[in-house]
Each structure stands twice: as C-alpha cells, then as structure tokens.
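Not measured: the values here are computed from a predicted model. Chain letters run A, B, ... following the sequence lines, proteins first and then strands; every chain starts at 1.
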2 protein chains.
Amino acid sequence: MKHITIKDIAKKLNVSTSSVSRAFNNKYDIKKETRDLILSTAKEMGYIPNPMAKKLTQNCSLNIGLVVPEIINGYYSEVVIALQKYLTKRGYQVLVMQSDENEDQELKNVKTLINNMVDGLIIAPTVGNKNISYYLEKYNNGYPIVFLNRINDNLPASKVIFNNINWSFFATEHLILQKCKKIYHLAGYKDLSVSKERIQGFKKALKKYKFSSKYYKIIETGLLAKEGMQVMEDLILKNDIPDAFFCVNDMVALGAMKKLKDNGYKIPEDVAFIGFTETRIAKLVTPQLSSVKQPTFKMAKKAGEILLNKINNSNSKPETAIFNGELNIRKSSVKEFLN
Amino acid sequence: MKHITIKDIAKKLNVSTSSVSRAFNNKYDIKKETRDLILSTAKEMGYIPNPMAKKLTQNCSLNIGLVVPEIINGYYSEVVIALQKYLTKRGYQVLVMQSDENEDQELKNVKTLINNMVDGLIIAPTVGNKNISYYLEKYNNGYPIVFLNRINDNLPASKVIFNNINWSFFATEHLILQKCKKIYHLAGYKDLSVSKERIQGFKKALKKYKFSSKYYKIIETGLLAKEGMQVMEDLILKNDIPDAFFCVNDMVALGAMKKLKDNGYKIPEDVAFIGFTETRIAKLVTPQLSSVKQPTFKMAKKAGEILLNKINNSNSKPETAIFNGELNIRKSSVKEFLN
DNA sequence: TTTATTTTCGGGAACGTTTTCGGGAAATGA
DNA sequence: TCATTTCCCGAAAACGTTCCCGAAAATAAA
C-alpha cells in the first residue's frame, strides 16, 4: 500500500531521479527513448506524483481562495461552479469559503486562506467596507487578488463588475413604459455598492421621465425574501402600495410578491414587478418574474482569467472588466395589453 | 517580502529548528520559558508555518474531497456549507467538485481528488451505479470514504442516508388522509436509489389504504423543474390529471404545479401537491408547497464526523447513520377544510 | 557526593520533488 | 584527427517542516 515515488522508478530503471523528474516536466534535456521508457514504466508501476512535494519545491500551493457571501444564493453557486471549472482545468484547486454576509467572518476567511498560502484570491465582498483597506494593502504588496461584484468602480485594483447603473436604468424605464405612474424601489442595503448603483440607475430613469418625488420611493430592505415580505407587510398596513416595484434582486421581489398576492393584490394588473440578478425560480412562480439577467459564468471566468494572469506575470496591470446583461421581460411586469 | 521560516527564528534565538518546531507542536519536551520565548518572537517576526512543508512531512494533505451532483441545488449547497464549517474548524480544507449528474464526470472528479491526495472523500453519488464498484474497491483498500445520500442501504461501507421509505410513506399517507382518491407519483430516475426508496414508501402507503392500481401511477421524470413541467404537459394533453401528486423533490413539484396553474387548475382544490427535500422556495410560491424536510446540516456533519473518525483511526468499523425528517404541511396539500 | 532519573535540547535524516551545475558522450565542423 | 558544440544525464542541494536519537543539563534518589 506504500506510495510509489520518483525514487522507486529511478532505482528500477537505473537512472537518476533527476531524469525521472525531467521526463515528467521538461520536454528538453532528455532523450526521447528514455523519456518514453520512464513514462511507461511509471504508468505501469502506478506512479502518482506527490503534489505536496511538488508544491513545496515550487513554493506555490496551486490553490485559489474564493470568498463569497453565501453559497446557497443561486448567483454565487454559479460563481463557484464557473470558477471551479475554469481553474481546475488549469491545475488549480478552489477553496471556497462563505462569509454569511458578515464582515468579520469574511476577514477571518481571507486570513485563513492567506495562511494556507493560496496563490491568489477572488473576493466577492459582503456588505460593508471595513475590510477593503486590509485587502487593498495586500493587493498593493503584490498579492494576487481579484474583486468580483459588489465593489466600487473606482477601487484601484483588479475587479470584475456588472454595469448596475445602466441595467437598473433599463429595468426602471421598462416599468415606466408600461405606464406605471408610481414606482417603489426595494433597495437592498444602503452601504452595499450594488444597491447604491442600482439606486443611481433607478433615479436616472425617473429623472429622464420627470417623476416628481411624490411618485417614487426608495426603501432599504436587505437581500432576502423574508425581508421583502416584511417591508411589504408594512406597506400594506400603511396602505401605501404603488403600481410597480423594482427590486434589488429576485428573492426580495419574490417575497414581496408573495405577500401582496396573499393580500389579494393582482400581479401585474394591480402591481407590476421586476427583479434583478435573475434566478432559476423566476420562471417557476406565477406570474413569472421579469428580471435582469447577468452573465454570471462569463464574469466569474473573467475573474479567474485576470487572477491567473496576475499570478503568472506578477507585474501585470490592474484590470477592470465591466459586463452587461439582458432584460428578460415576463408576465410580472407587463401591463400594456391589459388595457 | 520573503517568508519567515522556522530557521530564521532558530537563528535569531540561537536555538535549534527542532526546538522551534517543538514549541509549536508538542506540549512536552520543551521548557515553558523557551517555548514562550519562541512563540512570542515568532509572532513578532510575523511567522506563518508553511502548510506545504508540514503536509509533506506528515504525509497528509489536510484536504477532504467532496463530490456532489450539483452545487446550485439548494440541498447540496447546504451540504457544502455544513461540511465546510465542520471540517475547516478541524483544520481541514474542503475541495468541492460537482458531477453535473453525470457518472463519468463524477469518476473523473473522484480520481482528480485522489490524485491530489485528499485525506478522505465524501461522495454524494449521482444517478447510476457504474462507479460504485470502483469506490468500493478503494474503500476496501482502506481509503476513507463516506457516502452521503442516494446510496443503497445495504452497501457495505460507511454512509449517511435519509429514511426515504418512511417519509415518503408519511407524505403519501397525508395525501390519502386529505381524501385524495387518485394519486400520481413523479418519481425522479428509475435507477436512482432515493427514487426507488420513495417509490417503496409510496406503494406501502397505497397498500395500507388498499388503493387499486387504477388509482395511482408512478411516472419517471428526472429531478428538474423543467422535467416536471414536461411530464405535466403530457398528462394535460392526455387529460389524465389525478387529484394529487407526490413528487420526488420540490423542483419537480414546482414545475408541475406551474404548468397546471397555467392551465387553469386550482391547487389544492383540484389537485393537491406535496414535494420532498424541502427547499427555501417552498414558502415563496402560491400556494405554499408542502414538503418533507431533511436534516441536511446534521446529516452532512455526521458524514464529516464519520470520515474524520476513519482518518484518525484507520481500523474503525463501517458506520451507517439513518436520519429522519419532518413533514411540513402547507396549503398545497390541504383539502379538508375546503369541503 | 555519587548515581540514577528526568527534562530539555541540538544534530541530522527524512518527506518527494525540482533544479543547478558540471561532466561525459555523441555529433558536428574544419 | 582534433576542437567545438550539442545533447544527456547524474550528483547533490534545496524547499520548510517533523521526528528520531543521543547528549547535556537539571533534578531526584542513594
């Protein structure tokens, strides 16, 4: 049951360990016949290179740390999957840690990963910005880090982000074009960058169509379905229901819709809905939920790409990639053919 | 920017590297004062132990491989999170790989993980059993493996499973007690162990209440919402709609429900629904979906526990843990107070 | 004080690779 | 034939730890 090592092969073939090593790594400095011989006997002896030894000499862990707010969130599941796929194909392993939307946990995760000597980090920050300066210091010391999503546009580091402003503008404009006269925005957390940006886009659209402040509201909610429900309960009690909601994400939208439906409101007839960061569930509820779809896979892959670039070429420049999405209009937001 | 090593500390304090190592690991064989001295100067020098070197000498990777069908599936997200939490707390890192419900991919994943010398494996198998013999061979050679879910009860290996038979019996019985007279089961894959077991429980309940074969059907569907919709479309075309569906999981149930609702059926008035392996979404749809909740966190944790046991005590006996759940009755399956 | 025992510590091998260096054999050129 | 270059290959150091072994120091027992 003992593991076959490079030495065993060397002994068996009466060659040096260097040659065996070369057979596996270099294409030069070794005769083709000996190389083939070594490779074939290695195979038949069942040799598996010991990654720990390799990592020690090369002084790299071949591990990438990935820190996300919540894996159970469909969006971040996709991020995990995409990076998994991209990075394992290139010889890396991905260590995923989740912060539970908690800054302290996030910092702990990052430190754990750094202590484990990951070769690079991809961070999808949670709400709050307490840790950013710490990350930035690491980054400026040459530590390969790429930020993904939820990060300020002008952060001087490599990052991959979504064009929230534009697409929340489009989403809002869509509601306006459906002749919605009073639109509320359920807006996530006030100190979350994506929330801020989506608010900006929302306001931009309202401004274009000259909505007076009587005809819109921005309500801080959080990011969970539960929170969407709570806010909606409040509004129902106050009898303060507009004819459209634009929500920071699908979960909040679904929670809010559920509460409204249970109270006898008709969607979209009475109230139109549009979400953001489309989830799989959007198509399963009645009515189907309109939403902004993000190119999650592409974005995650891009983050991996930038990171590997940095790892292999330590003086590569900081890179920012901004992505666009698409507006998927479904029943929840379409009023026009009802008139 | 160079890393501080054990040697740097040794040189600075004029002690041997062995002493430094001892200071970090052993509690004995070193005087308390020297130990404290070493630890404090190590700290102030910013020493971080190199995990690669440690792993090489100890001949363990401190990595655990986790193979799941699909991370985006809420159930497996929870498994990932739970094991993450349990294992990182104990000094291990988790390498997650997903098989995309594909046996070949799964085998590839397992082999990748073994080549990376993970110290143990937790496998939640995908549908099909082509690979089981391979895993079993590894297992019998002493490789620490724990199977989680979707695995045959009588597999001679360590495993953590859910009592599918009993709980699908309860779910079915609940429908019967709601006076449903004709019940169809949307049953996942025919060669998936959980499907088989849930079918067993379904039949057991029908038998107890003396349903003749005219009054039930078992339909193979798959595990996705899309597939639930397709099957339902078929049934609608054939005008073959019973007054209740028991579904292999929530996603299939949601897909099926959606299709029915879109075709004017009322739930639960016309057709009652109950799912399985409760998801977060169950509460967000209208009507809320009844389902069987599994103790996912506990089960995953148990799997981790058994695995670590095996790793630390290689002649520990195979262990099987069977878990029970709870039946969460919601509107989708409650007919009685409607009469 | 001497001997026996325990405690503490250093030297050095070991883990399984990669990599540098240098040397011998083969090939090339004159 | 000899010098030069190219091609292969082996020896050995290195990566940063752990751990075994034996010696020195401290303590206890005689």
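- Look at NZ on B:Lys11: it is 15 Å from P on C:dG10, rounded to the nearest Å.
- Remark: C1' of C:dT17 and CD1 of A:Ile9 are 12 Å apart, rounded to the nearest angstrom.
- Sequence neighbours left out, the pairs with a member in residues 33-86 of chain A that pass ring-ring contact (aromatic ring centres under 6.0 Å, His included) are A:Phe24-A:Tyr47.
- Cation-pi geometry between B:Lys310 and B:Tyr143 is not met: the NZ or CZ atom fails to fall both under 6.0 Å from the ring centre and inside 45° of the normal.
- One atom, CG of A:Asp8, and another, P of C:dG16, lie 8 Å apart when rounded to the nearest Å.
- One atom, NZ of B:Lys31, and another, P of C:dT6, lie 19 Å apart when rounded to the nearest Å.
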Per-nt protein contacts along nucleotides 10-20 of chain D (heavy atom under 4.0 Å; B base, S backbone sugar-phosphate only, - none) come out as BBB--BBBBBB

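- Here the rule is side chain to side chain contact (heavy atoms under 4.5 Å, CB included) with B:Leu66, and of B:Leu121, B:Leu95, B:Leu307, B:Val80 only B:Val80 fits it.
- Using modelled atom types, one finds a donor on one side chain and an acceptor on the other under 3.5 Å when comparing A:Thr320 with A:Lys159.
- In this structure, A:Glu33 atom CD and D:dC7 atom C1' are separated by 12 Å, rounded to whole Å.
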Assess whether side chain to side chain contact (heavy atoms under 4.5 Å, CB included) is satisfied between B:Leu155 and B:Ile132, documenting all intermediate values.
-> CA-CA 9 Å; B:Leu155 187 87; B:Ile132 299 291; 3.6 Å; yes

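- Within the cation-pi definition used here (under 6.0 Å to the ring centroid, within 45° of the axis), A:Lys85 does not qualify as a partner of A:Phe297.
- As a whole-Å value, the separation of B:Ile30 CD1 from D:dA26 P is 16 Å.
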